[in-house]
Amino acid sequence: MPELPEVETVRRELAPWLTGRIVRRTRLAEAEPGPRYAGLERAEGQRIVAVNRRGKFLLLPLNGGDELIIHLGMTGVISCRDPRHHVRVVLDLSGRRHRRLYFRDPRRFGRFLVVPARDYRTLPTLHHMGPEPLEPSFTADHFHERLAGRRGPIKALLLSQRPVAGLGNIYVDEALWAARIHPLTPAGRLSRRKTAHLHQAVVAVLEASIAASGTTFHDYRTVEGERGTFFERLAAYGRDGEPCRRCGARLRKSVVAQRGTHHCPRCQRTPRPEGRRGKAS
DNA sequence: ACGGTGCCCTGGCCGC
DNA sequence: TGCGGCCAGGGCACCG
């Protein structure tokens, strides 16, 4: 499940390979339906200026004024070698070595499309996406403001990409565990102090995972075909029934925002129900 | 604007 | 072993 650390790992591998290359030709696997793989032919003849990342999206500006947008979804893999199965897109590139880029995506949750630069209206999530967690603009105070007034569970809000970019199901659970916050806590109820803890946890877990080339559960591979090694360091995700690494209590699995959710019932206290105060009763 | 629901898609896993 | 059924989940349309 590629989230920010996995996408950043891929970006670092793609940048030296793709920067400066010209897209000679694009090919789409037959019968691939619309919006997930749109406008590819627009890229033909254009040069890749850079390989950038925004949240979990890869953004490749092209010198003709368009932008190649790639999202790996759950199972997307970019490779310089022919994966043979489930190849959705092939790019022919200028240059001497590795002149083909393959996009493999068994479950078709990924995206691979070309739009006029900064035409984010075609992708709503990019439009309302919060700050990059590893840039200085992501501060604890700013984070607190973005959570203010929100009554939904903190987990659901983090998954929306609105308060901060790039978190998915794994790193949300990890960050909430590290900050000792229950996933159902109404986001706007987090104190400034708790929000600062969460802010710190988000940055720490993402940086640690990038240093380990990300987490491989099933499909994720780096461009070179390697697995990420952060899997072994996960403290919450996938550890239901196993002992908490802080207090030893058994971690629990539940469902929050339609996602499998892991937390420690002792370290991450259940929020008290709202209401029972003020004019409501 | 906000929060909640259901859908997409298919490899892999589980139970019988 | 074979088969049916179900789960995983990011983004997004849609609803109230």
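The sequence lines fix the lettering, A, B, ..., with proteins before strands; numbering per chain opens at 1. Only heavy atoms go into these numbers, but all of them, side chains included; no hydrogens, no water, no symmetry mates.
- Within the 4.0 angstrom heavy-atom criterion, only backbone atoms of the sugar-phosphate kind lie near A:K253; the bases stay farther away.
- Judged purely by atom type and a 3.5 angstrom limit, A:R108 has no side-chain atom pairing as donor or acceptor with the backbone of A:G110.
- Side-chain proximity of A:P106 to B:dG11, B:dC8, B:dG4: nearest is B:dG11.
- When distances run from any side-chain atom of A:H71 to the nucleotides C:dC12, C:dG10, B:dG4, the shortest one goes to C:dG10.
- Between A:R111 and the phosphate of C:dG11, there is no side-chain N or O to OP1/OP2 separation shorter than 4.0 Å.
- Rounded to an integer number of Å, the gap from CG of A:L158 to P of C:dG11 is 13 Å.
- Using a 4.0 Å heavy-atom criterion, one finds that A:G110 contacts no nucleic acid atom at all.
- OP1 and OP2 of C:dG10 both lie 4.0 Å or more from every side-chain N or O belonging to A:Y171.
- Atom C1' of nucleotide C:dC6 and atom CZ of A:R107 are separated by 12 Å, given to the nearest angstrom.
- In this structure, A:G73 reaches neither bases nor backbone, as no heavy-atom distance under 4.0 Å exists between it and the strands shown.
- Aromatic ring centres of A:Y37 and A:F112: separated by at least 6.0 Å.
- For CZ of A:R250, the number of neighbouring non-hydrogen atoms (other residues, nucleotides, ligands) closer than 6.0 Å is 12 at most.
- Protein atom CG of A:L159 is 11 Å distant from nucleotide atom C1' of C:dG11, rounded to whole Å.
- In this structure, A:I69 places its CD1 atom 13 Å from C1' of C:dG11, rounding to the nearest Å.
- Annotation: of the two residues near DNA chain B, A:H86 and A:R162, the 5′-most nearest-nucleotide partner is A:R162.
- Using a distance-only test at 3.5 Å, with no hydrogens or angles considered, no donor-acceptor pair links the side chain of A:Q161 to the main chain of A:T125.
- Judged by centroid separation below 5.5 Å and plane tilt below 30°, A:F109 does not stack onto the base of C:dG11.
- A:Q161 comes within 4.0 angstrom of sugar-phosphate atoms only, judged by non-hydrogen atoms across all strands, and of no base.
- In this model, the phosphate group of B:dG4 is not approached by any side-chain N or O of A:Q258 to a distance below 4.0 Å at OP1 or OP2.
- Side-chain nitrogen and oxygen atoms of A:R150 include at least one within less than 4.0 Å of the OP1 or OP2 phosphate oxygen of B:dG3.
- Checked against the 6.0 Å centroid threshold, A:H199 and A:F138 count as a close aromatic pair.
- With hydrogens and angles ignored, no donor-acceptor pair under 3.5 angstrom links the side chain of A:R259 to the base of C:dA8.
- Straight-line distance from the CZ atom of A:R108 to the C1' atom of C:dC12: 19 Å, rounded to whole Å.
- In this structure, of B:dG3, C:dC12, C:dG9, it is C:dG9 that holds the atom nearest to the side chain of A:M74.
- Between B:dG3, C:dG11, C:dA8, one nucleotide has an atom nearer to the side chain of A:Y237 than all others, and that is C:dA8.
- Between the P atom of C:dG10 and the CG atom of A:L126 lies a distance of 16 Å, rounded to the nearest Å.
- For A:R97 and A:W17, the positive end is not near the middle of the six-membered ring at less than 6.0 Å and at most 45° from its axis.
- Taking only side-chain nitrogens and oxygens, A:R151 never comes nearer than 4.0 Å to OP1 or OP2 of B:dG3.
- For the pair A:L184 CG and B:dG4 P, the computed distance is 10 Å after rounding to whole Å.
- Between A:R36 atom CZ and B:dC7 atom C1' there is a gap of 10 Å when expressed in whole angstrom units.
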